J.: 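One structure is given below, represented as structure tokens, and several questions about it will come after.
Being a predicted model, the structure only gives us computed values, none of them experimental. Labels below follow one simple rule: chain letters A, B, ... track the order of the sequence lines, proteins then strands, and each chain is numbered from 1.
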Protein chains: 2
Amino acid sequence: MDATTDQRPLKRTRGRQKIEIKKVEKENSRYVTFSKRKNGIFKKATELSTLCGADVAVILFSEHGKVFSYGNPNVEKVLDQYLAETEEGDDNSCVLESGSNGGTLTQTLQEQDYEKSLRRLEEMKRTLKMVKKEQ
Amino acid sequence: MDATTDQRPLKRTRGRQKIEIKKVEKENSRYVTFSKRKNGIFKKATELSTLCGADVAVILFSEHGKVFSYGNPNVEKVLDQYLAETEEGDDNSCVLESGSNGGTLTQTLQEQDYEKSLRRLEEMKRTLKMVKKEQ
DNA sequence: CATCCTATGTTTAGCAT
DNA sequence: GATGCTAAACATAGGAT
């Protein structure tokens, strides 16, 4: 073989492979995936926060129970506000449970305005549909 | 120029444009961006959860204070566990504040094992570095 | 183990509807 | 103000280090 005239595209890697969204079997791969995607989500969270002036909190528990979290302005502030709103709306809160894999979308209806609540419900339904579809 | 013999690929759109990660000026664009990226993060959260058997909670407040959240198995369970751990670890908890935009990475060191705490600190530093770099 | 590499799968900015 | 479209930006699986 003459390396100088080699015509092969010479692909160094197989590139990103398509995967099914189900539990990664190989323990090591699962760990690596968790690590990479955790960073990915945190990055997305900071971007959303910066781009749209939104407050955000992300809390993760690895399968071994290790905690990881990110928040802007910080986790506690976001949680406090979330808890405050969910409490105050005792019979005004709305929780939708997705049956597929136990995933849950929660949205508190804290406004008194009925129309706002309606719009929020719609939004929630759309999001639920989206998330379920994507799985 | 002869339009009929035009050899251009005829691009219908400009495709995804590169943007700076800073507050989107146009109000409408900002809203659309929030909506799209919110869905993106929820999707990423469900994927991470499914792929790695991790528990996750994401809470978002739009700039107008509207709440959106996603959790697996559900937001409350994840928050409860998070709060339980952060409480118990009063002088064992560790919070790093990123000065740049007020973003905060929090990680509770609940294990008694010192080495685990050390490893965790490293992880936390790496994450912080990553997030700050990406902005 | 975290990180680097790179081909490819996935997300999304800017418009149009 | 949510959705569909398309091209380009971006994230990441698999493998190597």
Side-chain angles (χ1 to χ4, degrees), chain A residues 8-52 54 58 62-64 66 68 115-116 118-131 133-135, chain B residues 8-48 50-52 58 62-64 66 68 115-116 118-131 133-135:
Chain A
R8 283 177 306 170
L10 182 57
K11 302 190 178 177
R12 296 167 177 285
T13 77
R14 292 203 282 141
R16 179 177 183 174
Q17 296 298 292
K18 183 168 191 145
I19 61 167
E20 257 189 286
I21 302 302
K22 58 166 190 166
K23 185 161 183 174
V24 175
E25 294 299 341
K26 288 180 58 183
E27 186 172 342
N28 186 58
S29 302
R30 193 165 63 239
Y31 180 86
V32 173
T33 296
F34 179 78
S35 175
K36 287 182 173 182
R37 281 175 175 260
K38 168 173 63 58
N39 289 342
I41 285 195
F42 284 170
K43 182 180 173 186
K44 291 288 189 186
T46 62
E47 291 185 348
L48 177 55
S49 178
T50 304
L51 290 169
C52 308
V58 179
S62 76
E63 60 182 333
H64 299 307
K66 223 170 150 180
F68 300 88
E115 291 199 20
K116 280 186 184 175
L118 263 188
R119 256 178 277 133
R120 183 172 284 209
L121 221 199
E122 301 264 311
E123 168 75 30
M124 180 165 43
K125 283 179 183 170
R126 271 195 304 277
T127 308
L128 217 190
K129 199 176 74 182
M130 194 280 297
V131 170
K133 184 181 64 183
E134 302 296 359
Q135 301 192 333
Chain B
R8 282 177 307 171
L10 181 57
K11 303 189 179 178
R12 295 167 177 286
T13 77
R14 291 203 282 139
R16 179 177 181 176
Q17 296 300 289
K18 182 171 193 140
I19 61 167
E20 257 188 286
I21 302 301
K22 57 165 192 170
K23 185 161 184 174
V24 176
E25 294 299 339
K26 288 179 60 183
E27 186 171 342
N28 186 59
S29 303
R30 192 166 64 240
Y31 180 86
V32 173
T33 296
F34 180 79
S35 176
K36 288 183 173 179
R37 281 176 175 259
K38 169 173 62 58
N39 289 343
I41 285 193
F42 284 170
K43 182 180 173 187
K44 290 289 186 184
T46 61
E47 291 185 348
L48 178 55
T50 304
L51 290 169
C52 307
V58 179
S62 76
E63 60 183 334
H64 299 307
K66 222 171 151 180
F68 301 87
E115 290 199 21
K116 280 186 184 173
L118 262 188
R119 257 177 278 132
R120 184 172 282 208
L121 221 199
E122 301 265 310
E123 169 75 31
M124 179 164 43
K125 283 179 183 170
R126 272 195 303 278
T127 308
L128 217 189
K129 199 175 75 182
M130 195 276 300
V131 170
K133 183 181 66 184
E134 301 298 0
Q135 302 192 331

J.: Taking any heavy-atom pair under 4.0 Å as a contact, classify A:K36: base, sugar-phosphate, or nothing.
T.: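 Answer is base: heavy atoms of A:K36 come under 4.0 Å of a base.
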
J.: Relative to the 5' end of DNA chain D, which residue comes earlier, B:R12 or B:L51, by the nucleotide with the nearest heavy atom?
T.: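 On the 5' side of the pair lies B:R12.
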
J.: Donor-acceptor check, side chain of B:R30 to backbone of A:L51, threshold 3.5 angstrom: yes or no?
T.: no

J.: Between the main-chain N or O of B:K22 and the side-chain N or O of A:T50, is there a donor-acceptor pair closer than 3.5 Å?
T.: no

J.: Main chain of B:G15, side chain of B:Q17: is a donor-acceptor contact present, judged purely on distance under 3.5 Å?
T.: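 Looks like yes, one N/O pair under 3.5 Å.
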
J.: B:S35 side chain: which of C:dA2, D:dA2, D:dG15 is closest?
T.: D:dA2

J.: Mapping B:T33 and A:I19 to their closest nucleotides on DNA chain C, which lands nearer the 5' end?
T.: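 The residue closer to the strand's 5' end, by nearest nucleotide, is A:I19.
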
J.: With a 4.0 Å cutoff (strictly under), does any side-chain N or O of B:K18 reach OP1 or OP2 of C:dA13?
T.: no

J.: What nucleotide among D:dT12, C:dC1, C:dT11 has an atom nearest to a side-chain atom of A:R37?
T.: D:dT12

J.: How many Å lie between CG on B:N28 and P on D:dA2, as a whole number?
T.: 9 Å

J.: Look up atom OG in A:S49 and atom CZ in B:F34, then write down how far apart they are to the nearest 0.5 Å.
T.: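 Spacing of OG (A:S49) from CZ (B:F34) equals 10.0 Å.
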
J.: I need the CZ-P distance between B:R30 and D:dG1, as an integer number of Å.
T.: 13 Å

J.: Closer to the 5' end of DNA chain D via nearest nucleotide, is it A:Q17 or A:K44?
T.: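 Here A:K44 is the residue nearer the 5' end.
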
J.: Looking at D:dA9, I'd like to know if its phosphate oxygens (OP1 or OP2) sit under 4.0 Å from a side-chain N or O belonging to B:R14.
T.: no

J.: In whole angstrom, give the distance that lies between atom CD1 of B:I21 and atom P of D:dA9.
T.: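 After rounding, the reported distance stands at 14 Å.
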
J.: Give one of base, sugar-phosphate or nothing for A:K26, where a contact means two heavy atoms less than 4.0 Å apart.
T.: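 The answer is nothing, as A:K26 stays clear of every strand by at least 4.0 Å.
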
J.: On a heavy-atom basis, which atom in A:A54 and which in B:S62 lie closest, and how many Å separate them?
T.: CB-CA, 4.3 Å

J.: Could you check how far NZ of A:K11 sits from C1' of C:dT8, rounded to whole Å?
T.: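 Distance, rounded to whole Å: 9 Å.
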
J.: Please report, rounded to the nearest Å, how far the C1' atom of C:dG9 is from the CD atom of A:E20.
T.: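 So the two atoms are 15 Å apart, to the nearest Å.
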
J.: Starting at the 5' end of DNA chain C, which residue's closest nucleotide do you reach first, A:V32 or B:V32?
T.: A:V32

J.: Calculate the interatomic distance between A:K43 atom NZ and C:dT10 atom C1'; express it in whole Å.
T.: 13 Å

J.: Output the pairing pattern of DNA chain D as a dot-bracket string, 5' first, Watson-Crick or G-U wobble with both distances under 3.5 Å, | for cross-strand pairs, [ ] for crossing pairs.
T.: .||||||||||||||||

J.: Nearest-Å distance, CD (B:E47) to C1' (D:dA11)?
T.: 11 Å

J.: Kindly give the heavy-atom pair with the smallest separation between A:A45 and A:V58, and that separation in Å.
T.: CB-CG2, 4.0 Å

J.: Using the side-chain contact (heavy atoms from CB on, under 4.5 Å) rule, take B:F42 and B:K38 through it: C-alpha gap first, then chi angles, then the decisive distance, then the call.
T.: CA-CA 6 Å; B:F42 284 170; B:K38 169 173 62 58; 3.9 Å; yes

J.: Do any side-chain nitrogens or oxygens of A:R16 fall under 4.0 Å of OP1 or OP2 in C:dT10?
T.: no

J.: Measure CD1/B:I41 against P/D:dA11 and give the value in whole Å, please.
T.: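 That distance rounds to 12 Å.
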
J.: What distance separates A:E63 CD from A:E27 CD, expressed to the nearest 0.5 Å?
T.: 6.5 Å

